[in-house]
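So the structure is just underneath, and the comments pick up after that.
What's counted below: heavy atoms across the whole structure, side chains too, no hydrogens, waters or symmetry copies.
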Amino acid sequence: MAVFVALGAFLMTLAGGWTAQRVTDRRHLVLGLAGGLMLGVVGLDLLPEALRAADHEIHGVPAALLLFVAGFLLAHLVERLLAARRAAHGAVEHTAVRHEAVEHTAAHHTAAPHGAVEHDAAEHRHRSPEVGLTAAAAMVGHSLMDGVAIGASFQVGGGMGTAVALAVIAHDFADGFNTFTLTRLYGNARRKALAMLFADAVAPVAGAAASAFLTIPEDVLGGYLGLFGGALLYLAAAEILPEAHHVHPARSTLLCTVAGVAFIWLVVGVTG
């Protein structure tokens, strides 16, 4: 039963990724919405659950909050290290990519301002694709844990299983949307983004199937959610939202960000 229900999460994740693909001509709106969804997931879903599951304190601070901060710092450290390594070992390659990006963009967007073309080229030069893949892999890991949660809740009872399944399915649209957007944002090819999206969609099904053979302690799960939430907040606040508002600081972009947060709030409120 749990695996069958997890198929709903599979379809919802694919729907989120498909939506992210279809609106690439409004990239700033996509990024604004993705940032809002991620902020909502962290602040309204992951962090409260982490605090509930890992409620013990370390030197006066909840362990979940310490891991939340650690996740934020870890994401920042990983991004800086990867960017520095890429800059040190691939300067020539980046120069070639920059010229190619400028020529390609100019050929297809002759009416675009010169500054926008240079911005796109600079973005590809400075972003590390490994960061996008790592972030997407973390989303896959989170979806795997969602599947385990579905399976474990059905072991408790049908009512509990249904409630947890509805919550997972509802926010898996945002997971699929963010997985595809994160992978592409850091310059990865579309096929890699699709591969990560498919892995994210399969993960809840695999997690639900695996739940019959394993049990994860609640405090360990809470710590994981705190760590993952911190990393996700860093990507939203330090990467996605600044990028969304840098070239197109439009009111519509801000409204998309607010709408993303409001959507997660609605999902959390409806699913309990």
Steps toward side-chain hydrogen bond (donor to acceptor under 3.5 Å, both in side chains) verdict (Arg184, Gln21): CA-CA 10 Å; Arg184 291 289 283 153; Gln21 294 181 68; over 6 Å; no
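Two residues are said to be in side-chain contact when any heavy atoms from C-beta on lie closer than 4.5 Å; Thr257 and Leu33 fail this criterion. Between Phe68 and Val42, some side-chain heavy-atom pair lies under the 4.5 Å cut-off. For the pair Phe198/Thr13, no side-chain contact is recorded, criterion being any heavy-atom separation below 4.5 Å from C-beta on. Put simply, the side chain of Phe177 does not reach to within 4.5 Å of the side chain of Trp18, judged on heavy atoms. Proximity of Asn188 to Met196: side-chain heavy atoms (C-beta onward) are nowhere separated by under 4.5 Å.
At a threshold of 4.5 Å between side-chain heavy atoms, the hydrophobic network of Ile, Leu, Val, Met, Phe, Trp and Tyr places Leu73 and Leu67 in two separate groups. A single hydrophobic cluster is seen to contain both Leu233 and Leu66, as judged by linkage of ILVMFWY side chains at heavy-atom distances under 4.5 Å, directly or through other members. A single hydrophobic cluster is seen to contain both Val261 and Met38, as judged by linkage of ILVMFWY side chains at heavy-atom distances under 4.5 Å, directly or through other members.
Of all the heavy atoms in Tyr234 and Ala75, the pair that sits closest is CD2-CB, 3.8 Å. Pairing each heavy atom of Ala50 with each of Gly226, the nearest pair is CB-N, 3.6 Å. Among all heavy-atom pairs drawn from Phe180 and Ala20, the shortest one is CD2-CB, 3.8 Å. Shortest non-hydrogen contact noted between Ala136 and Thr179 is CB-CG2, 4.1 Å. Scanning all heavy atoms of the two residues, the minimum distance from Ala54 to Gly223 falls at CB-N, 4.0 Å. Taking every heavy atom of both residues into account, Asp200 and Met139 meet most closely at OD1-O, 3.1 Å.
Interatomic distance, Met12 CE to Leu14 CG, rounded to the nearest 0.5 Å: 11.0 Å. A distance of 6.5 Å separates CG in Leu227 from CG in Leu74, rounded to the nearest 0.5 Å. One distance of note links CG of Leu133 with OH of Tyr186; it measures 11.5 Å at 0.5 Å rounding. Atom-to-atom distance recorded for Leu44:CG and Leu266:CG is 11.5 Å, nearest 0.5 angstrom.
For Leu51, the side-chain contact (heavy atoms from CB on, under 4.5 Å) criterion is met by Leu47, Pro62, Ala64, Leu65, not counting sequence neighbours.
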